[in-house]
Number of protein chains: 2
Amino acid sequence: MALEHAILVSLLERPGSGYELAGRFERSIGRFWTATHQQIYRVLRRMESDGWVVAEEIGQDGRPDKRSFSVTGVGRRTLAEWLRAPVQPEAVRHELAVKIRGAAFTDAAGRAELLAEVTRYRAEHEALLATYLNGEKRDFPDPDALDVGQRLQHVVLRGGIAYERMLLDWLDDVLQTLRAL
Amino acid sequence: MALEHAILVSLLERPGSGYELAGRFERSIGRFWTATHQQIYRVLRRMESDGWVVAEEIGQDGRPDKRSFSVTGVGRRTLAEWLRAPVQPEAVRHELAVKIRGAAFTDAAGRAELLAEVTRYRAEHEALLATYLNGEKRDFPDPDALDVGQRLQHVVLRGGIAYERMLLDWLDDVLQTLRAL
DNA sequence: TCTTGCTATGCAACTCGTTTCATAGCAAGC
DNA sequence: GCTTGCTATGAAACGAGTTGCATAGCAAGA
């Protein structure tokens with residue numbers, strides 16, 4: 001499990017409440033590690049009781065109080081230790097690939113519907129690539145003038161961009177293959 | 001959940017026992033949908049009681065009996081229905097990306113260790129690409145002489161190859177970035 | 001001879017992840 | 001006035017996935 005560690009990284013980049021973290025997981029970190037607010041709150045409680053993070057109660061008027069978390073020395077050391085450990089082999093789950101192989105066992109109408117679905121899926125990822133490229137222009141306009149953290153964030157974003165480009169090319173290949181059956 | 005559907009596809013490609021399925025998930029299907037033998041047995045039992053598959057008891061001498069499963073008409077229809085449904089947005093979990101961003105919060109020694117780990121990880125995926133390319137040469141030597149099922153299997157394999165190539169390029173980018181910090 | 005490994009299936013316990021629901025006040029729009 | 005939506009947190013239940021263990025016979029190698 002690495003949700004704890006993803007949270008540690010996010011809180012080191014900037015302290016924040018569970019709610020704020022959930023928002024970040026929706027937006028930026030969720031690109032490479034997804035989590036719902038339920039998971040985040042549960043894991044945060046465990047991390048707090050293990051002393052990895054501490055909460056600061058912030059009373060707000062008009063809004064519910066929030067608890068802003070920051071990483072402790074223990075949390076930093078835990079992260080450093082995890083960084084040294086080998087990357088776990090990841091569990092691949094590519095539903096579309098299953099569907100494509102499954103298309104061998106349906107009729108022409110079913111394959112036509114799959115083709116339409118792949119087209120829709122492609123458009124979704126084209127939009128995602130566009131937001132990545134926009135984010136890159138916005139956040140990293142001058143790649144030579146970045147600090148260490150920004151350079152690392154940038155290389156991860158480049159990974160997302162490379163992935164989306166590869167995916168779009170492959171989806172074109174899939175569409176051609178389906179049409180040519 | 002799509003483990004059921006991955007199993008249906010695999011059993012349509014060729015009927016087999018839970019054990020054989022587990023082997024296929026280790027080797028070929030596991031490239032895009034992982035599962036352990038525990039999951040497979042459990043799901044097979046549910047699928048059997050729902051009438052998606054039927055078992056044929058095969059007594060073997062010297063070895064334990066096995067139950068070979070094949071897909072029923074109900075199973076086929078279930079698969080066809082699932083094929084028509086939209087692809088679910090997948091839960092991305094890219095541990096290495098978390099580690100790379102985490103590297104901003106460790107010292108030079110920690111970053112050196114991460115660099116070594118990325119190098120090891122790269123070698124692993126280089127080997128994986130080699131087995132994909134070998135499999136492609138072996139199973140699809142003449143791309144123009146394939147039936148529908150093989151064409152679809154081939155395009156999925158091409159996806160795997162494209163992914164690994166993209167990943168290797170990106171890992172080179174990561175290594176350069178880490179070295180230049 | 002002993003260990004390791006393969007075929008073949010399964011139980012039990014646990015952790016992880018998702019979904020649904022609940023509370024609560026405020027702001028914005030219809 | 002009513003609904004929708006945002007900030008902010010959490011309980012409860014369920015479903016999915018992992019890990020460890022058990023059985024059992026045979027084959028191969030140290």
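We name chains A, B, ... by the order of the sequence lines, and we start the count at 1 in each one.
- Note on B/Arg45: a side-chain N or O is less than 4.0 Å away from OP1 or OP2 of C/dC11.
- Side-chain atoms of A/Arg93 and B/Thr34 form a donor-acceptor pair, as typed in the model, at a separation below 3.5 Å.
- Residue A/Arg27 qualifies as open at atom CZ: its count of foreign heavy atoms under 6.0 Å is 12 or below.
- Checking C/dT19, D/dG10, C/dT9 against the side-chain heavy atoms of A/Thr36 singles out C/dT19 as nearest.
- Distance alone, capped at 3.5 Å, is enough to place a donor-acceptor pair between the B/Arg151 side chain and the B/Leu146 backbone.
- Both B/Arg46 and B/Gln38 lie close to DNA chain D; mapped to their nearest nucleotides by heavy-atom distance, the more 5′-ward contact belongs to B/Arg46.
- Ring planes of B/His154 and B/Phe140: parallel class, angle under 30° (limits at 30 and 60°).
- Residues B/Trp33 and B/Tyr19 are members of separate hydrophobic clusters, defined by side-chain heavy-atom contacts under 4.5 angstrom among Ile, Leu, Val, Met, Phe, Trp and Tyr.
- Against DNA chain C, the stretch residues 86-96 of chain A makes no heavy-atom approach under 4.0 Å.
- Listed by residue number, the members of residues 12-23 of chain B with any heavy atom below 4.0 angstrom from DNA chain D form an empty set.
- If B/Ser68 and A/His37 are placed on DNA chain C by their nearest nucleotide, the residue sitting closer to the 5' end is B/Ser68.
- Remark: A/Gln39 is not in phosphate contact with C/dC16, judged by side-chain N or O atoms under 4.0 Å from OP1 or OP2.
- Between the C1' atom of D/dG17 and the CG atom of B/Leu3 lies a distance of 10 Å, rounded to the nearest Å.
- For C/dG10, neither phosphate oxygen OP1 nor OP2 lies less than 4.0 angstrom from any side-chain nitrogen or oxygen of B/Tyr41.
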Please tabulate, for the side chains in residues 74-91 of chain A, all donor-acceptor contacts under 3.5 angstrom to protein atoms that are two or more places apart in sequence or on a different chain.
residue: A/Thr78; atom: OG1; partner: A/Val74; partner atom: O; Å: 2.7
residue: A/Glu90; atom: OE1; partner: B/Tyr121; partner atom: OH; Å: 3.2

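- Here A/Arg67 lies in heavy-atom contact (under 4.0 Å) with sugar-phosphate atoms only.
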